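Heads up: the structure comes next, in structure tokens.
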Amino acid sequence: MNRTRRLRKTENMRRLVRENRLHVDDLIYPIFIEEGENIETEIVSMPGIKRFSLDRISKELDEVVALNIPSVLLFGIPTKKDVIGSETWNDNGIIQKAIRLIKKKYPELVVITDVCFCEYTSHGHCGIIHDNDVDNDATLVNIAKQVISHAKAGADMVAPSGMMDGTIETVRQALDSHGYVNLPIMAYSVKFSSAFYGPFRDAADSAPSFGDRRTYQMDSANRDEAMREATFDDMEGADILMVKPALAYLDIIRDLKTNFDRPIACYNVSGEYAMIKAAAAKGWIDGEKVMLESLLSMKRAGADIIITYFAKEVAKILNRK
Ligand code: PBG
């Protein structure tokens, strides 16, 4: 008889045949940086995750570096918002200051910046509004300004997340023409319009004041279209392709892994984090085990890189082993 149980007999036997494992090298930790001083505010729906002002950020980064997490993804929360999000390309804006400070103090850490407008616009949409919708091409012009400003400040990688068509081509051209030919792009290639972003929008103060993001973010029913999105970004020169959210879209992660020979990242988003934290707090699940199982499922689906609010927590466990 074919007995698959033979190789499951002991933990060491299982270790020998284990196909996928989590590793600290694959983790990116998102960090929210708020303009101002003396800010260290816990985000209610994301226990353990805080918004920091720059003067309070060192403790957090010391921990990230000590845990050997290779990279952080920065989100800025500015005090000044306007209709076009002009603060995003202010060379003295919160993100630009954060990049300079972090690169000076932690030169080895890979600093990635989220390139978007929703935290910087008064209406909370990811670009310039015309006729009640985001104007794709007008927004592209400003995305170019924003990435150059991030590059000048010293970012190691940029991650455009607004889902405008032509973003990667625009960003690549802008970077190249300013001499940043070696600065990589992590594309939010397949970003679905998702209710799993709820806690993030509280955290980053970025909920749209009217309507939703369904004219630019993808419809969660579509798998073929996801391939189309990734194909365009691949052709336009993205260096890393990302799928977001992760847990409800493992099939898409696998599709990208099978079809593209670029590193595939996934974003284990705020709602996925909040669900586990909330159920664990109620004693309804074993939070640590469910966290590990969820993150491992992303690796098994084909993710090479996982962006996750669990990064510090999982790194502690992995470093123990
Ligand atoms: C947009 C952006 C969002 C997230 C990352 N970048 C929110 C959105 O599209 O509304 C969500 C991240 C998360 O939920 O953890 N700048």
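Both counts, for ligands and for their atoms, begin at 1 and track the order of listing. Keep in mind that this is a model prediction, so the values were computed, not measured.
Taking a cut-off of under 4.0 Å to the non-hydrogen atoms of Tyr197, the atoms of ligand 1 that pass are 8 (C), 9 (O), 10 (O), 11 (C), 14 (O). Residue-ligand proximity, Tyr309 to ligand 1, at heavy-atom distances under 4.0 Å covers atoms 12 (C), 13 (C), 15 (O). Heavy-atom proximity to Asp114, at under 4.0 Å, picks out these atoms of ligand 1: 6 (N), 16 (N). Of all the atoms in ligand 1, the ones that sit under 4.0 Å from a non-hydrogen atom of Cys118 are 1 (C), 16 (N).
More than 12 heavy atoms of other residues, nucleotides or ligands lie within 6.0 Å of CZ in Arg18, so this atom counts as buried by the packing criterion.
Using a cut-off of 4.0 Å between Lys/Arg side-chain N and Asp/Glu carboxylate O, Lys312 and Glu60 are scored as salt-bridged. Taking 4.0 Å as the cut-off between side-chain N and carboxylate O, Glu11 and Arg14 count as a salt-bridged pair. We find that Asp304 and Lys299 are not joined by a salt bridge, their nearest charged nitrogen and carboxylate oxygen being 4.0 Å or further apart.
Between Phe192 and Tyr249, the angle of the ring planes stays under 30°, which puts this pair in the parallel group of the 30/60° scheme. Ring planes of Tyr267 and Tyr188: tilted class, angle from 30 to 60°.
Residue Arg213 places a heavy atom less than 4.0 Å from ligand 1.
Polar contact check, Ser206 against ligand 1: no nitrogen or oxygen pair lies under 3.5 Å apart.
For Ser270, heavy-atom contacts with ligand 1 shorter than 4.0 Å involve the backbone as well as the side chain.
The residue among Met163, Lys191, Met46, His125 with a heavy atom at the shortest distance from atom 9 (O) of ligand 1 is Lys191.
At the top of the distance list for atom 5 (C) of ligand 1, counting protein heavy atoms only, stands Lys244 NZ, 2.5 Å.
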